[in-house]
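Positions are given from 1 along the sequence. Remember, predicted model here, so these are calculated numbers, not experimental data.
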Amino acid sequence: MMLLRPTFMISAISFCVFSVISAFSAEQSFDVISNKKAGITVSAIKPGATLLSTIQSNDNNASSISPDGKLVSFYAGVTDDPILQYSQVYVRAFSGGDTKIISTSSSNDIGNYPSFGGQFLTESKIVFTSAAGNLTQNSTLGVYQIYLKDLNTGQTSLVSQSESGQAGNSSVDTFSVSRSGKCIAYTSSASNIYGADLNNKKDVFLYDLGTQKSKIVSTTQSGAQGNGDSYSPFPSDDCRTVIFSSNSTNFPGGAANSIPNLFLKNVKTGSLERLLSSFDSKDINGAAEQPILSSDGRSILFQSLATNLSKSTVTPGWNVYIYNIKEKKTDIVSTNGNKVPFNNWSFNAGFLGNSSNLVMFYSMATNVSNFADINTWDQYGTDLFLKDLNSNQIFRLSVGIYGQINRQVDFQATTISPRNGSTVIFSTRASNVVDGDANDHRDLFWVGIKTK
């Protein structure tokens, strides 16, 4: 079996039939572990996450939670329905109630081709990607675009468009939203969003919710576009900087041998800076991707195939790292409680809410301290972990009612928490997260997190 490179932005996979059964519990039971050094208490849930939705005959795929923690978005499809056979994006309340399709036009027409994602900008605005041709006047069937949905008014607007309002002439790749809800960073290989786009590569754009305009950011200070692909963007809270990956060799510092490095763009001044080098100040020897900027703007989480970012001997494959922008220092994150690097892939990292030291990531490792791995999804058992970088304490979040789950957590879905960091959702086909799960499909679960 071929293992796909993990990605948590956009996944071009369609899914089929589902029905939602409300099953929400307001009461949780926690094992509390105090971290005196950081003055933080992390409450890891006792065995058994809480079922958010049950899929009868197909998959639910985790997307995001609204900033106030009241709504959750996810995507799924229905095989036997001529319209809903394509993946659609849905929103429902944590407290139960109706499940609403939001991948619709302003006149409430359901998208006629797959839609994915569903990232909340605010409590009432959500962003998703779709190849539907009927969501706006300029939609193009089969070409993935980014759309903004206003849940209050029902209005759907096109994000990935030129200044004249033309939809991008090629599909978008990845996107992310600022925590402030003021901007959207995205990747597209379209040649008509930026006026003089002649590089025939993937470029990074920043969409301003105020001006409703997109600006290219994957350029040098003189305005030269990258001669390679730029992707995996993430904007700062104030939308003044964007970090992204690129294998362009004409950027400052270059991407040695076209190996993707991380770059930081100052949108206001236009300056562009390459960020990463090896622990002995040489070029990195493996790709660095999927950067996530902390809310204080000081640190960047990312995953990399490089083996020379840390003095520690790492297992070949994806590992998770954190980069201190001011100190220009890189440390490995994917280690166990004894600071030993994990013995298998780790990826898809993110900060818990607005914290700069509590991070989440997926891993296939079996040498995590105090955990016996019995995940039996072929040879690729993927679990979800929460780590306190100050104390090096690590918690497994993807646990079943009797201990470890027996199937992998869906590594293609985003691990999401609202900005207050109280809840995490994840998808898994495991049958022992809750009792009575016999559908053999991907279900959606949530775990409560308490910090002090």
Quiz item: Angle class for the F244/F263 ring planes (parallel below 30°, perpendicular above 60°, tilted otherwise)?
Solution: parallel
Quiz item: Under 3.5 Å, is there a donor-acceptor pair between the S299 and S356 side chains?
Solution: no
Practice problem: Give me the ring orientation class for Y90 and F74: parallel if the planes are under 30° apart, tilted from 30 to 60°, perpendicular past 60°. | Solution: parallel
Exercise. Under the salt bridge (Lys or Arg N to Asp or Glu O under 4.0 Å) rule, collect the residues that match up with D197, sequence neighbours excluded.
Key: none
Self-check item: Electrostatic pair K328-E273, nearest N-O below 4.0 angstrom
Solution: yes
Practice problem: Just jot down the ring pair (Phe, Tyr, Trp, His ring centres under 6.0 Å) partners of Y186, sequence neighbours excluded, or say none. | Solution: F205
Quiz item: Roughly how far, to the nearest 0.5 Å, is the CD atom of Q166 from the CD1 atom of I193?
Solution: 11.5 Å
Quiz item: So, S230 versus K202: side-chain donor-acceptor pair below 3.5 Å or not?
Solution: no
Quiz prompt | Exercise: identify the closest heavy-atom pair between L272 and P252 | solution = O-CG, 3.4 Å
Quiz item: With sequence neighbours left out, which residue pairs that include part of residues 287-349 fulfil the disulfide bond (SG atoms under 2.5 Å apart) condition?
Solution: none
Quiz item: What pairs meet the disulfide bond (SG atoms under 2.5 Å apart) rule with one or both residues in residues 179-275, with sequence neighbours excluded?
Solution: C183-C239
Exercise. Please identify each residue that fulfils ring pair (Phe, Tyr, Trp, His ring centres under 6.0 Å) with Y323, with sequence neighbours left out.
Key: none
Exercise. Return the minimal non-hydrogen interatomic distance between N343 and N367, and the atom names on each side.
Key: N-OD1, 3.1 Å
Quiz item: Taking atom CG of N192 and atom OG of S170, what is their separation to the nearest 0.5 Å?
Solution: 9.0 Å
Exercise. Show your reasoning for whether salt bridge (Lys or Arg N to Asp or Glu O under 4.0 Å) applies to R396 and D383.
Key: CA-CA 7 Å; R396 187 195 299 265; D383 283 300; 2.5 Å; yes
Exercise. Mind checking ring pair (Phe, Tyr, Trp, His ring centres under 6.0 Å) for F351 and listing every partner two or more places apart, or none if nothing turns up?
Key: none
